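Below is one structure, written out as structure tokens, with a few remarks after it.
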Amino acid sequence: MKPSIPQGTRDFSAAVLRKRNFILQTIRSVFETYGFEPLETPAMENTETLMGKYGEEGDKLIFKILNNGLNNPDKKEAVIQDFNAVLEGKTNKGITERALRYDLTIPFARYVAMNQGQLTFPFKRYQMQPVWRADRPQRGRYREFWQCDADVAGSAALLHEVELSLIYTNVFNKLKVPVEIHINNRKILGALAAVCGGEDMMMDITIAIDKLDKIGMEKVKDELIGKGLSMEQVDTVESFISIAGSNDEKLKALEDMFSSIPQGLEGINEMKTILGSFNAIKGITSAGTQLHVDLSLARGLNYYTGTIFEVKALGVQMGSIGGGGRYDDLTGLFGVKGIAGVGISFGVDRIYDVMEELTAFPESIQKGTTALFFNTGMEEQQHVLGVAENLRSKGISCEIYHEQAKFDKQFKYAERKNIPFVVIIGSKEIEAGTALVKELASGTQTEMKVDDLLQGLGY
RNA sequence: GAGGUUGUAGCUCAGUUGGUUAGAGCGUCUGAUUGUGGUUCAGAAGGUCGUGGGUUCGAGACCCAUCAUCCUCCCCA
């Protein structure tokens, strides 16, 4: 058979992995400086933990794992019955009890609900793991991809929104990726829905206006009419998303629009508080990124109830590279009421694609092995093994060429692996107690005492 | 789930209206060079043309199916 890997998955070579790790380490270090603690959860969850949390479309994209033992003759009748349910589009524990995690937020909520007695609130955790979606792969879209989430559970304080915004600005500042952070509030969108056909229309309205920059105003209006809004209501939506100007001007216009709707005013006040606090502090790290009030920002996930975030890279055609928001009652889905939360997510794979396109990765992260010892024979190899072992104990990565070969070949190996130094210790050098060190980039070669190797390799 | 693109050597790709033994560049290997790479020169290996059918005297090329791929929509990171 021809070797292959599943659609939408990738192998990561050394060069790719170093770049990915650079992104992951940058994010992790920022998370840690804000006091978030690591958490990892299993690749699979119980199917019922995930189902129904991501909307109808989301349910279809969850990878379900087939149960074992379905061919047990004793259970044949039950399995056939269960499978018929699957054919009708229902998921069924008898067929698929487990599923691959779809994101990190729901597993986090499940974890908080399970461990609420042991946790110290507010509970601040970060999580960096792969997630899986049965999506059709395309540019910036994979079936296995990594997310990095930071969430706070058990606090309604807007301080967290401010700090999470600062995390976004600091991470992308360190990665040298220019971004725009869009911010909106579900309460404001709720107020809009209340004015235009009722609260239960909020999802339809938000999904439609979320497409504004992609399909344009007319198509958005068509979609709204299709959802059953009256012309008058559609006009209200249009005037809402047409609000332009600075953040302050937008908020002022919103206040006028929703002056009689408490929910809307609450959302507006939250935005004002967050923006005021963020703007007063962001100069300290001189991360110049701004928060942009974006009234067409909606986000599809239906558990958000307050602030919502989305991060877009500037100068690259790519969907959002980060997103998040506040949810009042996430653990309520698991029977634990009253734990509010807020969190953000980084899309590692898209950040990688963006950085690749912007050639934003620093050269320095591609260093692997520091020195390659040439192999000039079995006896010399044994001697060199000791020298190498000595250097390794001091934290210097080095390799010995695996067999005696023409220098030509050994040089090429060093070159291809991007190894900066070649060290030659042959019979002559062993006798003299020296080593020949050649720096490949410059071609300069120096003979030195074996004891001086450390300095010779630039340490 | 809907629509489209592409599939030829390890990689990137040529291959004329269907016509003899399917090519190039890069890479790999060997030698010029028995302890000094990147340059140069000479040579070699490497292909069931994604897979399976069909049309034809003859198919890499045309038709059908299938698989893979990338892209767009839906939705999302």
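None of these values were measured; they are calculated from a predicted model. Convention: sequence-line order gives letters A, B, ...; per-chain numbering from 1.
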A:Tyr142 side chain, from C-beta outward: closest of B:A77, B:G35, B:C75:
B:A77
If you measure from the C1' atom in B:C26 to the same atom in B:A14, how many Å do you get, rounded?
14 Å
Quantified in whole Å, what is the C1' atom distance between nucleotide B:U28 and nucleotide B:U20?
31 Å
Taking the side chain of A:Glu57 as its heavy atoms from C-beta onward, which of B:C76, B:C74, B:U36 lies nearest to it?
B:C74
Distance-only donor-acceptor test (3.5 Å): side chain A:Gln7, base B:U69:
no
Classify A:Glu415 by what it touches in the nucleic acid, base, sugar-phosphate, or nothing, heavy-atom distance under 4.0 Å.
base
Does A:Lys211 put a side-chain nitrogen or oxygen below 4.0 Å from OP1 or OP2 of B:C75?
yes
Roughly how many Å is it from OH in A:Tyr303 to P in B:C76, rounded to a whole number?
11 Å
State whether the distance check finds a donor on one side and an acceptor on the other, under 3.5 Å, for side chain A:Lys406 versus base B:G35.
no
Please measure how far the C1' atom in B:G4 lies from the corresponding atom in B:A9, and state the result in whole Å.
29 Å
Starting at CZ of A:Phe411 and ending at P of B:G35, how long is that distance when rounded to a whole Å?
12 Å
Tell me which nucleotide, if any, is Watson-Crick or G-U wobble paired with B:U66 when both distances must be under 3.5 Å.
B:G50
Nearest whole Å is fine: how far is B:A68 P from A:Arg143 CZ?
10 Å
To the nearest angstrom, the CD-C1' distance between A:Gln138 and B:C73 comes to 8 Å
Could you give the distance from CD1 (A:Ile181) to CG (A:Leu164), rounded to the nearest 0.5 Å?
10.5 Å
Between B:G35 (P) and A:Lys438 (NZ): distance, integer Å:
15 Å
Taking any heavy-atom pair under 4.0 Å as a contact, classify A:Gly140: base, sugar-phosphate, or nothing.
base
Of A:Phe145 and A:Pro6, whose nearest nucleotide on RNA chain B comes first from the 5' end?
A:Pro6
With respect to the side chain of A:Arg139, which nucleotide from B:U72, B:C75, B:G37 is positioned closest?
B:U72
Are A:Lys19 and A:Glu356 close enough for a salt bridge, meaning some N to O gap below 4.0 Å?
yes
Apply the side chain to side chain donor-acceptor pair (under 3.5 Å) test between A:Tyr54 and each candidate in A:Asp59, A:Thr105, A:Asp103; give the one that qualifies.
A:Asp103
Once the angle between the rings of A:Phe123 and A:Phe108 is folded into 0 to 90°, is it parallel (under 30°), tilted (30 to 60°) or perpendicular (over 60°)?
parallel
Return the nearest nucleotide to the side chain of A:Arg133; candidates are B:A2, B:G35, B:C76.
B:C76
Roughly how many Å apart are B:U40 and B:U21, using the C1' atom of each and rounding to a whole number?
32 Å
Check every strand shown and say whether A:Ile424 touches a base, only sugar-phosphate, or nothing at a heavy-atom separation below 4.0 Å.
base
Whole-Å distance, A:Gln410 CD to B:U36 P, equals 12 Å
Does any nucleotide pair with B:U21 by Watson-Crick or G-U wobble geometry, both distances under 3.5 Å, and what is it?
none
Parallel, tilted or perpendicular, judged at 30° and 60°: which one describes the rings of A:Phe31 and A:Phe36?
tilted
Considering only the P atoms, how many Å lie between B:C41 and B:G25, rounded to the nearest integer?
12 Å
Base, sugar-phosphate or nothing for A:Ser427? Non-hydrogen atoms, less than 4.0 Å.
base
B:G37 base to A:Gln445 side chain: any donor-acceptor pair below 3.5 Å?
no
In whole Å, measure the gap between the C1' atoms of B:G58 and B:C67 for me.
28 Å
Assigned partner base of B:U28, Watson-Crick or wobble definition, under 3.5 Å:
B:A44
Taking atom types as they are modelled, would you say the side chain of A:Arg141 forms a donor-acceptor pair with the base of B:C70 within the 3.5 Å cutoff?
no
Look through every strand shown and name the nucleotide pairing with B:U72 as Watson-Crick or G-U wobble, where both distances are under 3.5 Å.
B:A2
Whichever of A:Ile5 and A:Ser345 has its nearest RNA chain B nucleotide further upstream toward 5'
A:Ile5
Using a 4.0 Å heavy-atom cut-off across all strands, classify A:Gly426 as base, sugar-phosphate, or nothing.
base
For B:U33, the nucleotide meeting Watson-Crick or G-U wobble distances (both under 3.5 Å) is none
Rounded distance in Å - CG (A:Leu61) to C1' (B:C75)
7 Å
Taking the P atom of each, how far is B:G27 from B:C64, in whole Å?
41 Å
Side-chain contact, heavy-atom cut-off 4.5 Å: A:Val171 with A:Ile23?
no
Between B:C49 and B:G15, how far is it from one C1' atom to the other, in whole Å?
11 Å
Gap between atoms NZ and C1', on A:Lys412 and B:C26 respectively (whole Å):
13 Å
Aromatic ring proximity, centroids under 6.0 angstrom, A:Phe411 and A:Phe374:
yes
Counting any heavy atom closer than 4.0 Å, what does A:Glu144 reach on the DNA or RNA strands: base, sugar-phosphate only, or nothing?
nothing
Pairing partner (Watson-Crick or G-U wobble, both distances under 3.5 angstrom) of B:A14
none
side-chain contact (heavy atoms from CB on, under 4.5 Å) with A:Ile205: which of A:Leu229, A:Leu189, A:Val234?
A:Leu229
Is A:Gly443 touching bases, backbone alone, or none of the nucleic acid, heavy atoms closer than 4.0 Å?
base
